[in-house]
Structure formats: C-alpha cells, structure tokens
Amino acid sequence: MLKLFNTLTGRQEVFEPIEPNKVGMYVCGVTVYDYCHIGHARSALVFDVFRRYLESCGYAVTFVKNFTDVDDKIIKRAQEQGVSCDAVTTKYIRAYHEDMGKLGIRVATEEPKATEHIADIIQLTERLVAKGLAYVVDGDVYFEVAKYPEYGRLSKRRLEDLQAGARVDVDERKRHPMDFALWKSSKPGEPAWQSPWGPGRPGWHIECSAMSIRHLGETFDIHGGGMDLIFPHHENEIAQSCGSTGKDFARYWVHNGFVQVNQEKMSKSLGNFFTIREIFEKSEWSEEVTGEILRYFLLSTHYHGPLDFSDQALKEAKNALNGFYDLFGRLAEPSGETESDQILSQAIDRCRVTFKAALDDDLNTPVAIAALQGLRSDVNKLTEKGLSSEGRKKVRQEFHVLGNVLGLFQSDKWQFGGPFVAPIGQARETDVALSVGVKQSGLSDSEIEDLLRERNEARGKKHFKRADEIRHSLAAHGIIIEDKPDGTSRWKR
RNA sequence: GGCGCCGUACCCAAGUGGUAAGGGAGCAGUCUGCAAAACUGCGAUGCAGCGGUUCGAACCCGCUCGGCGCCUCCA
C-alpha cells in the first residue's frame with residue numbers, strides 16, 4: 001500500500017487512485033531555452049522512478065510531462081542568437097532527450113508542448129473570464145486571486161502575507177499584486193496567436209492546466225514537480241483549474257527537493273550548476289557507467305530532502321556500485337556447487353519484502369537500496385559456501401527485476417569494472433561486453449588482454465617478478481587484476 | 001516581515017515515542033605467490049545545545065545556536 005507525502009495536506013496519505021489500477025500523473029517539465037543541469041535530472045529521475053514503481057505495482061500509468069516552449073527566456077535566447085524561437089526549443093528538446101536518455105529516464109506517455117495547446121489555453125481563459133475570475137486589460141488577461149477564496153492553500157500562504165513580502169514592481173493595471181497573467185498581448189517580433197483579446201501568447205501557468213486537463217481529465221491523481229514550483233506556479237494552476245472547472249484538480253501533490261552545492265541550492269543565478277552533459281563529458285567512465293553512477297547517487301537520498309552534489313559523492317556511488325557489479329561478475333561464472341541453493345530463496349524473499357515496504361513508504365529509495373545491499377551481502381556469503389549456476393542466474397535475474405524499478409543493474413553485460421579475460425587459448429566470448437565499464441581514456445582492451453596473457457604465462461612458470469611488473473604497470477593505468485583460483489584472471493578499471 | 005525546511009559516526013544516509021538500518025572510507029584478521037574480491041571482527045551509551053512532558057525521546061513541547069529554502073524566473 002503506497003503512502004505519499006501530499007503537499008496539499010502536509011501529511012503522508014495512502015494513495016488511492018480515482019480509477020482502480022489506473023494512475024494519471026502530470027509532472028512539470030522544463031522550459032527549453034538551455035541545457036538541463038543535475039537539478040533537472042533529479043526531478044526527472046524521481047518521477048521516472050515513481051512511474052516505474054507504480055507500474056511495477058500493477059497500475060496502468062498515464063505519465064504526462066510537458067515542455068514549456070513559449071516563454072520570455074526563450075524569446076530572449078532566440079534574439080541573442082539571432083535564430084527563431086522554434087530553433088531554440090527544437091534544439092533543447094532534443095538535448096533534453098539525449099541527456100535524460102543517458103540517465104535511463106524513460107520518455108513519458110505524453111510529452112505535450114505549450115504551443116500545441118493554444119486552443120485549449122484560450123478556451124480555459126475564456127471560461128475564467130466568463131466566470132468573472134479573470135479580467136481583460138489592453139489585450140492582457142489576468143486571473144483575479146481575490147475572487148478565489150482557496151488561493152494559498154497549497155503553499156500555506158495568505159494573501160495578506162504575500163502582499164507584505166512582495167518586492168516586485170507591481171503592474172498598476174492589476175487589481176491585486178498577486179494577480180497573474182493568463183494571456184499576454186505580444187510585442188512585435190514575438191510569437192503570437194490570434195485570440196479573442198487580440199494577438200498574444202499564454203502566460204506561464206495556464207499551459208499546465210490546459211495540458212493536464214486535456215491529457216488526464218479535469219481531476220487526476222498525481223501532480224509533481226520541484227519544490228520551487230509550489231509557489232506560485234502550482235498554486236496558480238490550482239486556482240485556474242478549479243476556478244474554471246469547479247472540480248478538484250490534482251489529488252496528490254508531490255514535490256522533490258533541490259540538488260545543492262556546498263549546502264546551497266544549485267541554480268542558474270548563483271552560477272553553481274553543473275549541466276548533465278558537462279558531467280558526462282568530464283567523467284572518466286563510459287557513458288553507461290556514468291549514467292548509472294548518477295542514478296545511484298540521485299536515489300541515495302529520499303526525494304523530499306536536499307541532496308548535495310560533489311565529486312566525492314559520485315565517487316562513493318561508484319564504489320558502492322562496484323560491489324554489486326563485482327558480485328554480478330561472480331554470478332556469471334559457472335558453478336556446480338549447490339550448498340546454498342535452498343536458502344537462496346529466503347534471502348530473495350526477504351529482500352523483496354523490505355524493498356517493497358521501502359518504496360511503499362513515500363518512495364524511500366535509500367531504504368530500498370539498503371535492501372538491495374542486504375541481498376548483495378547475503379548472496380556474497382552464499383556464493384562463498386557454494387551456489388549453483390542456476391541459483392546464480394536466478395539471483396542475478398532478481399537484481400535485474402528489482403533494480404529495474406530504480407533503473408539500476410539493467411546491463412546484461414555484467415562487466416561493470418571491465419571485461420572478463422578468458423583463460424589463455426580459449427575463445428574470447430565476452431567481446432560484446434568490452435564497451436562497458438571502460439574508462440574513456442587509457443589502454444585499449446586488447447592491449448590489456450595481451451599483457452594479461454603474458455602475465456599468466458609468467459605465473460604459470462612461477463616468474464612472479466615479471467607477473468608483478470605487469471600488475472604494477474597496469475595498476476599505473478588504473479587497471480586492477482583479480483586472479484581466480486583456477487589460474488585465470490579478470491580485470492577492471 | 002510572513003511561510004517552511006534542516007542539523008544523526010570520518011563522509012553519505014535511514015529511522016519521527018520503545019531503546020541507533022544501510023553504504024563509502026579506515027583499521028585488524030582469514031584467504032591469496034603478490035594483489036584484488038569475498039568473508040570475519042572493530043567503530044555514535046548517543047542523534048547541534050539546554051530545559052520540559054513521559055515508565056521510556058534522536059523522535060513530542062519550549063528556548064538557544066548553526067545552516068538553508070520560498071515569498072521574484074527557477075526542477
């Protein structure tokens with residue numbers, strides 16, 4: 001039974017979908033005027049895991065994530081670069097998919113764009129004007145917050161408090177400083193659509209109301225996004241949507257915490273952000289490995305709390321992951337021993353139970369990961385005592401299935417650290433795996449394997465001095481050799 | 001000024017009334033030609049500090065100190 005922390009009520013609540021076995025979930029995506037940073041990645045990843053977990057619980061999930069593709073910042077960026085807004089948004093939508101794809105974040109069921117929903121936006125705005133909740137001034141349309149008594153419910157703010165703190169220039173034409181634009185008349189050269197109030201473009205908040213209602217209906221289950229969207233964005237969405245439809249809007253509001261750097265929020269204005277592609281470019285690990293490191297790192301803290309980004313944190317994630325992949329490597333090796341086979345399923349069951357309980361508890365991914373660590377520890381002991389090939393395969397499959405919810409352990413090419421080296425003279429069966437887990441620079445795989453062959457020949461002749469020379473020279477390149485009892489070796493970086 | 005969050009071992013991080021999960025790093029040992037991996041053992045009598053409530057508190061209440069977020073575009 002899944003429990004969620006609902007920002008609307010400030011409490012953890014049992015999740016009950018409107019329709020049994022179905023979930024409609026809307027998450028605010030990004031404004032596409034620049035590359036995404038690791039904070040965007042966290043938000044995207046958290047809701048990707050929400051979606052995966054709901055699916056693994058048997059729900060049919062309709063997951064909608066929008067792109068804001070009309071906005072002041074986009075217009076500004078297009079003017080700076082002397083290109084069309086369309087060129088800007090196309091470029092960064094593609095970049096979004098590239099970056100998030102590297103993190104294993106799945107494409108949503110629907111990924112609507114604001115510009116594809118202008119008719120819906122106009123219709124929604126018209127209804128608000130007709131109901132007297134919005135007013136028109138010189139081609140602009142504003143939502144009148146004073147007409148909506150529930151305003152402030154989500155963010156737990158009162159209009160009076162907001163007024164006291166407001167330090168923005170107040171548009172004299174607005175009836176209340178907190179009134180916000182549903183529709184903006186356009187200046188020459190800006191993107192514009194025809195509307196009952198003249199040519200213009202949508203305000204920021206209305207698009208999400210329009211798109212969520214269009215794709216999920218007037219009332220739906222879950223609405224998510226970063227904590228910084230609670231006010232004013234989500235507050236305004238609620239006001240517009242409920243004001244217009246007279247019905248409840250989203251029932252559960254879920255917000256993820258920030259990625260920080262040195263205890264401070266990562267943000268563009270502070271200049272302390274790292275883009276996703278920058279991290280991949282700087283990584284000494286392959287793309288696949290880097291993606292999994294980031295995923296592990298981002299899920300190692302509960303989604304609601306802050307998360308401090310640092311090189312050390314990534315290094316720790318890599319080390320933790322090494323433990324799993326070292327085990328997977330051993331699980332791929334054949335074994336005729338069966339001592340532990342009978343108690344294997346107990347260990348697996350134990351892990352399943354704690355894993356599910358953790359995610360049921362408001363998607364507690366750190367505890368879920370701890371459950372997987374527990375299984376790793378158990379299986380290490382079992383393999384030591386003797387686990388058959390079948391048992392090894394079974395438990396690797398279990399890691400695959402459970403890991404899938406978090407997007408971890410999905411590579412069938414198990415060599416996270418490096419490829420397995422076949423005994424001398426035997427065919428190299430593992431060539432398919434060579435691209436995995438390899439640092440982006442350094443010795444090539446064939447160079448390493450040649451040296452390893454030479455070393456194993458030396459070892460066979462008890463020429464340990466030469467063998468150690470090779471070990472040390474490979475170590476200088478960051479290559480670690482593991483000798484197995486049968487005289488063969490494997491290596492990793 | 002208003003609203004809210006956080007402070008748990010060297011680092012990361014769960015736990016929100018019943019006596020401190022898990023990971024990383026470190027140290028010692030077993031194994032190993034060496035090494036790595038794995039295994040075994042060690043590590044907070046205490047959860048920012050001080051009071052209070054309770055049979056019992058990291059968890060509840062109050063105060064203090066320190067850090068942060070939102071109120072303005074922001075994942």
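We name chains A, B, ... by the order of the sequence lines, and we start the count at 1 in each one. Values in this document were obtained by computation on a predicted structure and should not be read as measured data.
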* **Under 4.0 angstrom between A:Asn256 side-chain N/O and B:A75 OP1 or OP2** => no
For B:C68, the nucleotide meeting Watson-Crick or G-U wobble distances (both under 3.5 Å) is B:G4
Among B:C39, B:A75, B:A36, the one nearest any side-chain atom of A:Val30 is B:A75
| message | Looking at A:Arg157 and B:G1, is any side-chain donor or acceptor paired with a base atom of the opposite kind under 3.5 Å? | response | no
Mate of B:C47 across any strand shown (Watson-Crick or G-U wobble, both atom pairs under 3.5 Å) is none
Note to self: Would you say A:Ser300 places a side-chain N or O within less than 4.0 Å of OP1 or OP2 belonging to B:C12?
What the structure shows: no
In this structure, is the centre-to-centre distance between the rings of A:His223 and A:His234 below 6.0 Å? yes
Sub-6.0 Å ring centroid separation between A:Phe15 and A:Tyr252
yes
A:Tyr92 atom OH is separated from B:A75 atom P, nearest whole Å, by 15 Å
Does A:Asn364 place a side-chain N or O at less than 4.0 Å from the phosphate oxygens OP1/OP2 of B:G15? yes
Q. Hey, does the side-chain of A:Asn319 have a donor or acceptor N/O within less than 3.5 Å of a partner on the base of B:G23?
A. no
Exercise. Below 3.5 Å, does any donor atom in the side chain of A:Arg471 face an acceptor in the base of B:C34, or the other way round?
Worked result: yes
**Request:** Under 4.0 Å between any heavy atoms, over every strand shown, what does A:Gly39 touch: base, sugar-phosphate, or nothing? Just pick one.
**Result:** base
Scanning all shown strands, the Watson-Crick or wobble mate of B:A20 with both distances under 3.5 Å is none
Using a 4.0 Å heavy-atom cut-off, does A:Ala320 contact any base of the nucleic acid, only the sugar-phosphate backbone, or nothing at all? sugar-phosphate
Of A:Phe143, A:Tyr142, A:Phe231, the one forming a ring pair (Phe, Tyr, Trp, His ring centres under 6.0 Å) with A:Phe180 is A:Phe143
Exercise for the section: Please evaluate the base of B:C73 for a donor-acceptor partner in the side chain of A:Asp72 within a cut-off of under 3.5 Å? Expected result: no
For B:A28, the nucleotide meeting Watson-Crick or G-U wobble distances (both under 3.5 Å) is B:U40
* **A:Gln373 (side chain) and B:G23 (base): donor-acceptor pair under 3.5 Å** => no
- prompt: Under 4.0 Å between a side-chain N or O of A:Lys381 and OP1 or OP2 of B:U40?
  reply: yes
### is_close_aromatic(A:His40, A:Phe273), centroid dist under 6.0 Å
no
Measure the shortest side-chain to side-chain distance between A:Asn262 and A:Glu264 over non-hydrogen atoms and say whether it is less than 4.5 angstrom. no
### Message
Does a side-chain N or O of A:Arg376 approach OP1 or OP2 of B:G24 to a distance below 4.0 Å, or not?
### Response
yes
Output yes when at least one side-chain N/O atom of A:Lys65 is less than 4.0 Å from OP1 or OP2 of B:A75, else no. no
